[in-house]
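Everything below concerns the one structure shown next.
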There are 2 protein chains.
Amino acid sequence: MAHQTGTPRRAPLSRARVLSAAVALADDAGIDSLSMRKLSQDLGVVPMALYKHVANKEELLDGMVDVIVGEIGPPDPGVDWKAAVRQRILSARRALLRHPWASRVLETRTTPTPAVLDYQDSMIGMFRDGGFSVDLTHHVMHALGSRMFGFTQELFEAPSMEPHVQAAALRQMSARYPHIVAIALRTDHDEGSVVGLGCDDQFEFEFALDLLLDGFDRLRLRGWSSTADLSDA
Amino acid sequence: MAHQTGTPRRAPLSRARVLSAAVALADDAGIDSLSMRKLSQDLGVVPMALYKHVANKEELLDGMVDVIVGEIGPPDPGVDWKAAVRQRILSARRALLRHPWASRVLETRTTPTPAVLDYQDSMIGMFRDGGFSVDLTHHVMHALGSRMFGFTQELFEAPSMEPHVQAAALRQMSARYPHIVAIALRTDHDEGSVVGLGCDDQFEFEFALDLLLDGFDRLRLRGWSSTADLSDA
DNA sequence: ACCTGAACACCGTTCAAGT
DNA sequence: ACCTGAACACCGTTCAAGT
């Protein structure tokens, strides 16, 4: 009990410890609560101590992305390219859904981190192994965009209100935005019944992903090339 | 010359004047330079004066989005749904490209503004007029995501370096990231010639857009439904 | 009643002073 | 040589004091 008095000796800081504390803070308190000052407080350290392990806040965010992208499971061996790509992307999606801030931070990165490059390189390899040309693979990777990490920018979350408040709001909107209201209620002009509100994000994600993968396959089979599209559809 | 002395009488502030000054500031100095304080300075006004026309900074950003979305040209009448949607989206893209900050701000909005709702409503109308069911239109709008506003999250801009510095960097990368380098150089293992670096963003955007629109069309023709997909494709 | 200066509670980062 | 407290140059927004 006497062998250590006064201010407790802290476990020495390391880049890994800084990053995992940052991930934990963002997970618990939200990305807006992640500041260098608050992070240093969590680590029981003076703010400037962080700057020995991380050049600045941008590099901290880069490191956090690397941690999450590193959590993405490896590809299943021995399945065709479409199944492999699909499984990998859905695995990435699960990793990002565990850390709600991660997709938002990933979007703001300007330089890819090593884990991101590893991930992209292996995904390109899946397409190449599946018989895609370098040319087609290039465009296909662009077409995937952020979807290759398992997310898309969800614009405008539907505001959560009490059901009958929401019904009243929609009734008021229907004069000016008839099509939006029809879709929100999943109802046609013909049938008056309301099917339901809210969207199944996972369904929407897989719907668009499969649409793209099928489109990619069709171009591959057709021998598509950007310089000369031999379209016979 | 004497009819006005001392501090000059400023044109009275209005929400419209605040918003257009904010757009101009973001266009000129970048979105990171847009602060309530700097904006008030541009308008020759004390910071707190802004808060009579805009509840807070979030509402300012909402208003700025509304200005830009309002710039999107109207749809061409008398063309089929695919041409109409395509033209509208490319018009939205041109509007966003005129204001480089706009897509980034649009992504962070949580509640759609009136101009956004107008835009979405009219686009849904295009699909409905083209014979899409409410159900399919719903999923199709989700699949478009931010692409309906003419942009996609471009992850990781390729860093611009001097050509032979870049060549050296790529040579160093090729051991660990062979597939990425192959795509960056647009070269196959067979042919050794380098085609070129850099991407044509407009080409990539239209490539993915047309892939999606074609996919949508195929589902429509097939009578696709989320409850019972009669796939015979 | 309206307007606004000062203040509050934060930021990320620099830098010089202390050990 | 290393570490760190104080300071700098900002934020968005509140609030009370002034007219």
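In the text below, chain A, chain B and the rest are named by the order of the sequence lines, each starting its count at 1. Scope of the values below: all heavy atoms of this structure, side chains included, with no hydrogens, waters or symmetry mates.
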(request) Scan nucleotides 7-19 of chain C nucleotide by nucleotide, 5' to 3', and note B when protein non-hydrogen atoms come under 4.0 Å of the base, S if they reach only the sugar-phosphate, - if neither. (result) B---BBBBB----

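Between the CG atom of B/D121 and the CD1 atom of A/I180 there is a distance of 4.5 Å, given to the nearest 0.5 Å.
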Result block: side-chain N/O donor-acceptor pairs under 3.5 angstrom for residues 140-153 of chain B, not counting sequence neighbours:
unit_1, atom_1, unit_2, atom_2, d
B/H142, NE2, B/H138, NE2, 3.3
B/S146, OG, B/F151, O, 3.0
B/R147, NH2, A/A143, O, 3.4
B/Q153, NE2, A/E107, O, 3.1

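Distance, A/L13 CG to D/dC2 C1': 15 Å, rounded to whole Å. Taking atom CG of residue B/L50 and atom P of nucleotide C/dT4, one finds them 11 Å apart after rounding to whole Å. As rounded to whole Å, 13 Å separates atom P of D/dT4 from atom CG of A/L43.
Residues satisfying the ring pair (Phe, Tyr, Trp, His ring centres under 6.0 Å) test with A/Y177, not counting sequence neighbours, are none. Looking at residues two or more places apart in sequence or on another chain, you find no side chain to side chain donor-acceptor pair (under 3.5 Å) involving A/S91. For the ring pair (Phe, Tyr, Trp, His ring centres under 6.0 Å) test, no residue two or more places apart in sequence or in another chain qualifies with A/Y51. Listed by chain and number, the residues in a salt bridge (charged side-chain N to carboxylate O under 4.0 Å, His left out) with A/R94 amount to none (sequence neighbours excluded). In this structure, the ring pair (Phe, Tyr, Trp, His ring centres under 6.0 Å) partners of A/W81, at least two apart in sequence or on a different chain, are A/F127, A/F132. Applying the side-chain contact (heavy atoms from CB on, under 4.5 Å) criterion to B/E59, with sequence neighbours excluded, gives B/R15, B/V54, B/A55, B/N56.
Taking atom P in both D/dC8 and C/dG18, one finds a spacing of 16 Å when rounded to whole Å.
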(message) Pairs counted only when both distances fall under 3.5 Å, Watson-Crick or G-U: show me the 5' to 3' dot-bracket for DNA chain D, [ ] for pseudoknotted crossings and | for other-strand partners.
(response) ||.|||||...|||||.||

